[in-house]
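Just so you know, ligand 1 is whichever comes first in the structure, and atom 1 is the first atom listed for that ligand.
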Amino acid sequence: MTVYAIIGGTGLAQLDGLEIREAVYVETPYGAPSADVLRGVYAGEEVLFLARHGQPHRIPPHQVNYRANLWALRQLGARAVLAINAVGGITPSMTTGQLVVPHQIIDYTHGRAQTLFEGELDHVTHVDFSHPYDEAQRQLLIAALRACGYPFSERAVYGCTQGPRLETAAEIQRMERDGCDIVGMTGMPETVLARELELPYACLSLVVNPAAGKGKGPITMAEIDAALGQGMLKVRRVLQQLLGA
Ligand code: HPA
């Protein structure tokens, strides 16, 4: 049976409706995860839930201990990961409120610990990352989005920036030329660590603002918060649909 781990991002530090059975602190070889992992029942299914930025939200994207988070979820029996994140929209169809299931990622981060394969190793391993997201999990998300009747994009290239600052307009133009549709700060190294741990991983992104230079004025936290409030209600419906199906 698939035990899903849900990693909640900005706007989803807790999963309303999760019947919590236990909160587990997991010590890992990489230090402490962002928060206790919650084991519980959601939409009738056993799930693990982890707040990526801590509970309450306090860890910025570049300081999240991604290695500890993924390792802890694997250790507790996760067999697939659904990651939720808020993003900026770059290409025209990526308007605020849009739900997106990315199929590719470009990594613009630097200095993040991004592999479990280092130190004293028997052999050097290079994981295949041609297709960073697990297609079966992506299709489950897509089916759930269809069943909910929400408009969504089933393909997008996610560009992951370092943060915590937002991008310049020129950086966004460059990312658009590179082929990015959306921009966020937490996709990497989370996605590749799941691959290293052989955990099928897919991500559901919510567009919460036009990326730098794409909107009318500066990006404000107020506009992001407003989009998160509406959007995360839809995200929860999609998760319920996926798990309950
Ligand atoms: N850029 C990077 N990350 C983000 C954005 C953005 O505009 N919005 C939400 N997360």
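- Looking only at side-chain heavy atoms (C-beta outward), Arg52 and Asn85 come within less than 4.5 Å of each other.
- Lys234 pairs by the side chain to side chain contact (heavy atoms under 4.5 Å, CB included) definition with Leu99, Tyr150, not counting sequence neighbours.
- The immediate protein surroundings of ligand 1, defined as residues with any heavy atom under 4.0 Å of it, consist of Ala86, Val87, Gly88, Leu166, Glu167, Val183, Gly184, Met185, Val208, Asn209.
- Annotation: ring-ring contact (aromatic ring centres under 6.0 Å, His included) contacts of His57 (sequence neighbours excluded): His53.
- The side chain to side chain donor-acceptor pair (under 3.5 Å) search around Thr161 returns Glu167, not counting sequence neighbours.
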Between Arg155 and Gln104, is a side chain to side chain donor-acceptor pair (under 3.5 Å) present by the stated rule, with each step listed?
CA-CA 8 Å; Arg155 285 168 66 83; Gln104 275 294 338; over 6 Å; no
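- For Glu196 and Thr115, the side-chain atoms include at least one donor-acceptor pair closer than 3.5 Å.
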